[in-house]
Amino acid sequence: MKPDQITHVESVRLSDDGRAVRILDQSRLPNETVYLELSEPEALYEAIHSLRVRGAPAIGIFAGYAMYVLALRSQATNLPDFVEECRGYRDYLNASRPTAVNLRHMLDRMLAAAESLPCMDVDSVKDVMRQAALAIHREDIAMCRAISRYGLSLVKDGDGILTHCNAGPLATSRYGTALGPLFLAKEEGITLHAWCDETRPLLQGARLTAYELQQAGIDCTLICDNMASIVMKEGKINACFVGCDRVARNGDTANKIGTSGVAILARHYGIPFYVLGPSSSIDFSCPDGDHIPIELRDGEEIKSKFFLQPSSLPEVRCYNPAFDVTDHDLITAIVTERGICYPPFSESLAALFGRKSSD
Ligand code: MRU
């Protein structure tokens with residue numbers, strides 16, 4: 001990949017023959033650049049579950065194409081049978097990762113597209129689903145641009161930004177969400193310095209964020225997760241920018257494990273803490289963080305993944321939650337493609353999306 005191509009990397013798209021989903025396997029980065037073409041239900045499920053495709057918006061785009069590709073396999077000749085098959089695929093893929101609500105939102109949108117034209121023949125409905133999947137992808141590109149612009153308005157030339165995990169081009173379609181302002185700043189000649197973490201459990205900051213920023217020539221420094229406090233204390237951080245996997249309607253936000261710790265530290269040191277994410281990450285049906293399902297992952301990610309030798313004895317018990325919830329009152333603002341929401345979030349989010357705060 002050429003250095004200037006990182007904001008245009010196609011981490012997810014339809015294959016050239018239009019019958020498979022083509023992804024850049026993020027689990028192999030940064031050392032190997034491997035593209036996969038997937039069309040079997042099990043392979044599509046596995047790609048999400050094993051984080052070959054990850055990042056809430058990228059999972060949403062993937063979900064759109066996956067539903068279309070699976071719809072193409074259907075032999076159903078009448079619409080009710082076809083829709084029933086699509087519903088089965090929706091439920092199957094939805095079980096692959098529970099926390100990022102973009103997956104459910106986009107699967108539902110694809111199913112709604114299949115259900116929307118009861119008088120049409122099955123082939124025409126498949127074409128409508130193709131258009132719906134492409135629209136999800138197009139909207140994501142516009143979303144990244146808008147969030148990047150709003151995010152950039154919150155910082156100034158020379159600022160240090162701490163970002164946790166990866167919410168860049170790989171996790172979306174273009175600039176990313178939390179990393180978007182950094183890419184836009186680079187284009188506009190504004191210098192920001194990124195401090196990247198998430199070096200445990202999955203090293204997404206080290207493997208993906210540092211890689212993306214380095215490729216784009218953006219000044220960045222990798223730190224271990226437990227170093228966030230010292231860089232904040234040393235005055236190196238002016239703002240924290242993080243992504244999100246699900247925002248409850250009161251503003252409580254699930255993001256990669258460790259995010260809430262960064263927010264607590266930011267509060268301690270008086271540093272603004274911003275969540276940047278698309279409207280598809282907001283779950284108005286979810287009242288607060290206690291209702292967000294938290295994915296638990298295999299303990300081997302802690303004990304043996306990324307080590308030459310296992311770090312613990314095989315019988316050691318592990319607890320490996322993939323996400324945590326940052327309390328809404330630790331969040332300075334939530335930046336969406338529609339604008340910036342400030343506390344109280346139950347009111348500002350509802351207003352931005354034209355809902356009553358009690359909805
Ligand atoms: O474990 P991951 O890599 O799936 O965690 C991803 C994150 O927490 C991201 O911040 C989130 O999905 C937003 S990506 C724009």
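Order of appearance sets the numbers: ligands from 1, and atoms from 1 within every ligand. What you see below is based on every heavy atom in this structure, not just the backbone, and it leaves out hydrogens, waters and symmetry mates.
- Partner of Ser74 under the side-chain hydrogen bond (donor to acceptor under 3.5 Å, both in side chains) criterion, out of Glu85, Lys126, Glu84: Glu85 alone.
- Every atom of ligand 1 is numbered from 1 in the order shown, and the set under 4.0 Å from a heavy atom of Gln204 is 1 (O), 2 (P), 3 (O).
- Heavy atoms of Cys165 approach ligand 1 to within less than 4.0 angstrom.
- Close approach of ligand 1 to Ala171 (heavy-atom distance below 4.0 Å) involves ligand atoms 14 (S), 15 (C).
- Ranking protein heavy atoms by distance to atom 7 (C) of ligand 1, first place goes to Asp245 OD1, 3.3 Å.
- Close contacts of ligand 1 with Ala167, meaning ligand atoms under 4.0 Å from a residue heavy atom, involve 14 (S), 15 (C).
- In the candidate list Arg54, Arg246, Arg97, Lys256, Arg54 is nearest to atom 3 (O) of ligand 1, counting heavy atoms.
- Each of the following atoms of ligand 1 lies closer than 4.0 Å to a heavy atom of Pro57: 14 (S), 15 (C).
- Contact analysis puts Cys244 in contact with ligand 1, with a non-hydrogen atom separation below 4.0 angstrom.
- Of the protein's heavy atoms, Thr177 OG1, 3.2 Å lies nearest to atom 15 (C) of ligand 1.
- Side chain to side chain, Asp25 and Ser27 meet the donor-acceptor criterion of an N or O pair below 3.5 Å.
- Using a non-hydrogen distance threshold of 4.0 Å, Gly176 does not register as a contact of ligand 1.
- One hydrophobic cluster, built from ILVMFWY side chains closer than 4.5 Å, holds both Ile147 and Leu213.
- Just one of Arg109, Arg90, Arg87 meets the salt bridge (Lys or Arg N to Asp or Glu O under 4.0 Å) condition when paired with Glu115; it is Arg87.
- For the side chain to side chain contact (heavy atoms under 4.5 Å, CB included) with Asn255, the qualifying choice from Val242, Val325, Val262, Asp324 is Val242, the only one to do so.
- Under 3.5 Å, the side chains of Arg54 and Asn166 contain a donor-acceptor pair of N or O atoms.
- Of all atoms in ligand 1, listed by their number and element, those nearer than 4.0 Å to a heavy atom of Asn166 are 9 (C), 10 (O), 14 (S).
- Tyr150 and Thr336 share no side-chain donor-acceptor pair at under 3.5 Å.
- For the pair Ala56 and ligand 1, the shortest N or O to N or O distance falls below 3.5 Å.
- Nearest protein heavy-atom neighbour of atom 9 (C) of ligand 1: Asn255 OD1, 3.4 Å.
- Applying the 4.0 Å criterion to heavy atoms of Gly55 picks out, from ligand 1, the atoms 12 (O), 14 (S).
- Salt bridge Asp283/Arg246: present, at least one basic N to carboxylate O contact under 4.0 Å.
- Within a 6.0 Å sphere centred on CD1 of Ile141, heavy atoms belonging to other residues, nucleotides or ligands number more than 12.
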